Amino acid sequence: MADTDSTAPPAPLERRERRWSHLALVAVIAAGLLVIGGATAVALGIGRAPTPTSDSVDAGFARDMANHHLQGVEMANLALQRSADPEVRGLAFDISSTQTNQAGRMQGWLGLWGLPPSGGEPMAWMTGADAGMTMDMGASTAAGGMPGMATEQELAELRTLTGAAFDVRFLQLMIRHHGGALPMAQDAAEHADQAAVRSLARSIASTQQAEVNTMEEMIRARGGAAPAAAGEQPD
């Protein structure tokens with residue numbers, strides 16, 4: 001039997017296997033370089049949004065929405081104290097816990113950015129048509145200069161109510177309160193520089209719109225009338 005020639009070129013199958021192994025190795029190396037490059041970019045700050053300034057969309061949204069949330073938490077906690085309606089109490093608990101968490105997160109961002117938790121002209125950070133829409137929301141802007149917020153007189157009245165009258169009034173005020181926050185969240189979701197801010201703004205817009213829909217159904221079931229538009233005073 002003839003000896004096998006060790007210098008003969010590889011068989012076609014062996015050549016294909018070597019080629020695929022080579023391509024796989026190149027892919028692994030490329031992926032590794034991509035990871036290393038990304039890590040280097042992060043370390044150097046390349047590709048990251050700069051720290052927000054006081055007049056930025058990010059900082060303005062964090063300040064205004066945190067303050068807006070704090071009144072929502074105040075009303076929700078009042079409902080937990082005064083309402084006997086399990087559905088209203090469940091909604092109030094969700095609003096209180098969610099908005100307390102979100103307000104704390106936004107105030108934490110301001111601290112990390114070296115910015116105060118208050119100050120500046122409310123809504124001045126907003127852009128385009130959204131800014132005009134929020135400032136057309138009527139007398140409710142008098143409380144803290146932001147749309148949808150209840151006045152001190154409205155809150156004082158709410159504290160005097162009990163039973164179904166309290167539940168209806170609470171839902172009316174909270175519908176308007178949520179409606180005032182929506183344009184802020186939608187504006188920040190589109191225009192903020194920080195990815196975390198955009199993500200939270202989208203979550204707030206989605207959650208509060210869903211809660212407005214729920215509250216409108218709840219108020220009708222209790223014989224009340226929801227505000228016809230987010231900026232209108234409750235009946």
Side-chain angles (χ1 to χ4, degrees), residues 61 63-104 106 118 122-123 126 130-131 133-188 201 203-235:
F61 169 74
R63 279 194 307 264
D64 285 353
M65 188 61 79
N67 291 332
H68 204 273
H69 270 15
L70 291 178
Q71 190 187 77
V73 171
E74 179 184 359
M75 290 195 291
N77 288 343
L78 186 61
L80 289 171
Q81 296 167 11
R82 302 188 68 85
S83 178
D85 187 317
E87 192 174 8
V88 171
R89 290 177 59 82
L91 172 72
F93 177 82
D94 288 344
I95 291 172
S96 177
S97 57
T98 298
Q99 295 199 7
T100 296
N101 176 281
Q102 291 173 343
M106 289 182 281
S118 60
M123 325 305 294
M126 293 184 67
D130 284 341
M133 181 170 64
T134 59
M135 297 315 295
D136 287 340
M137 283 190 169
S140 60
T141 60
M146 286 185 286
M149 293 183 73
T151 65
E152 287 302 320
Q153 292 80 3
E154 289 170 333
L155 292 175
E157 178 202 11
L158 185 63
R159 294 186 187 100
T160 69
L161 301 176
T162 58
F166 173 90
D167 296 331
V168 168
R169 190 62 163 175
F170 165 74
L171 291 169
Q172 288 174 331
L173 291 172
M174 192 60 79
I175 288 170
R176 192 185 70 193
H177 195 270
H178 274 24
L182 280 170
M184 287 197 288
Q186 291 161 349
D187 193 286
S203 176
I204 290 172
S206 175
T207 299
Q208 295 207 1
Q209 183 58 67
E211 287 178 345
V212 165
N213 297 339
T214 297
M215 288 188 288
E216 288 175 344
E217 294 176 1
M218 289 172 65
I219 204 170
R220 285 191 292 268
R222 288 157 179 77
E232 295 185 5
Q233 297 289 335
D235 297 335

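Just so we're clear, the structure is a prediction, and the values are computed from it rather than from any experiment.
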Gap separating the CG atom of L155 from the OG1 atom of T160, nearest 0.5 angstrom: 11.5 Å

How close do L158 and F170 get, counting heavy atoms only, and between which atoms? CD1-N, 3.7 Å

pair L78-F166: side-chain heavy atoms closer than 4.5 Å: yes

Any I219 side-chain heavy atom under 4.5 Å of M215 side chain: no

Looking at R63, is its backbone amide N or carbonyl O close enough to the side chain of N67 to form a donor-acceptor pair, meaning the two atoms are under 3.5 Å apart? yes

Considering non-hydrogen atoms only, spot the tightest contact between A185 and I204 and give its length. CB-CG2, 4.0 Å

Can you name the residues that form a salt bridge (Lys or Arg N to Asp or Glu O under 4.0 Å) with E157, not counting sequence neighbours? R169

Please give me the minimum heavy-atom distance between E216 and A226, naming the atom from each residue. CG-CB, 4.0 Å

Verify the distance criterion only: is there a donor paired with an acceptor across the side chains of Q209 and N213 at less than 3.5 Å? yes

Whether the side chain of T98 engages the backbone of I95 through a donor-acceptor N/O pair (distance < 3.5 Å, no angle test) should be reported. no

Contact check, side chains of M123 and P147, non-hydrogen atoms, under 4.5 Å: yes

Would the distance check show the side chain of Q186 and the main-chain N or O of A205 forming a donor-acceptor pair, the cut-off being under 3.5 Å? no

For residues L91 and L171, determine if any side-chain heavy atom of one lies less than 4.5 Å from a side-chain heavy atom of the other. yes

Give every residue pair that meets the salt bridge (Lys or Arg N to Asp or Glu O under 4.0 Å) criterion with at least one member in residues 74-88, sequence neighbours excluded. E74-R159, D85-R222, E87-R222

R176 side chain to M149 backbone, donor-acceptor under 3.5 Å: yes

Of all heavy-atom pairs linking S83 and D167, the shortest is OG-OD1, 2.7 Å

Return yes if some donor-acceptor pair links the side-chain N/O of D64 with the main-chain N/O of P122 below 3.5 Å, else return no. no

Do Q208 and Q99 have side chains that get closer than 4.5 Å, going by heavy atoms? yes

Only counting residues at least two apart or in another chain, list the ones meeting ring pair (Phe, Tyr, Trp, His ring centres under 6.0 Å) with H68. H177

Compare every heavy atom of Q102 with every heavy atom of S203, then report the nearest pair and how far apart it is. OG-NE2, 4.4 Å

What heavy-atom pair brings M174 and G72 nearest, and what distance separates the two atoms? CE-O, 3.5 Å

Are the side chain of S96 and the backbone N or O of A92 linked by a donor-acceptor pair below 3.5 Å? no

Hey, are the side chains of M106 and H69 touching, using non-hydrogen atoms and a 4.5 Å cut-off? yes

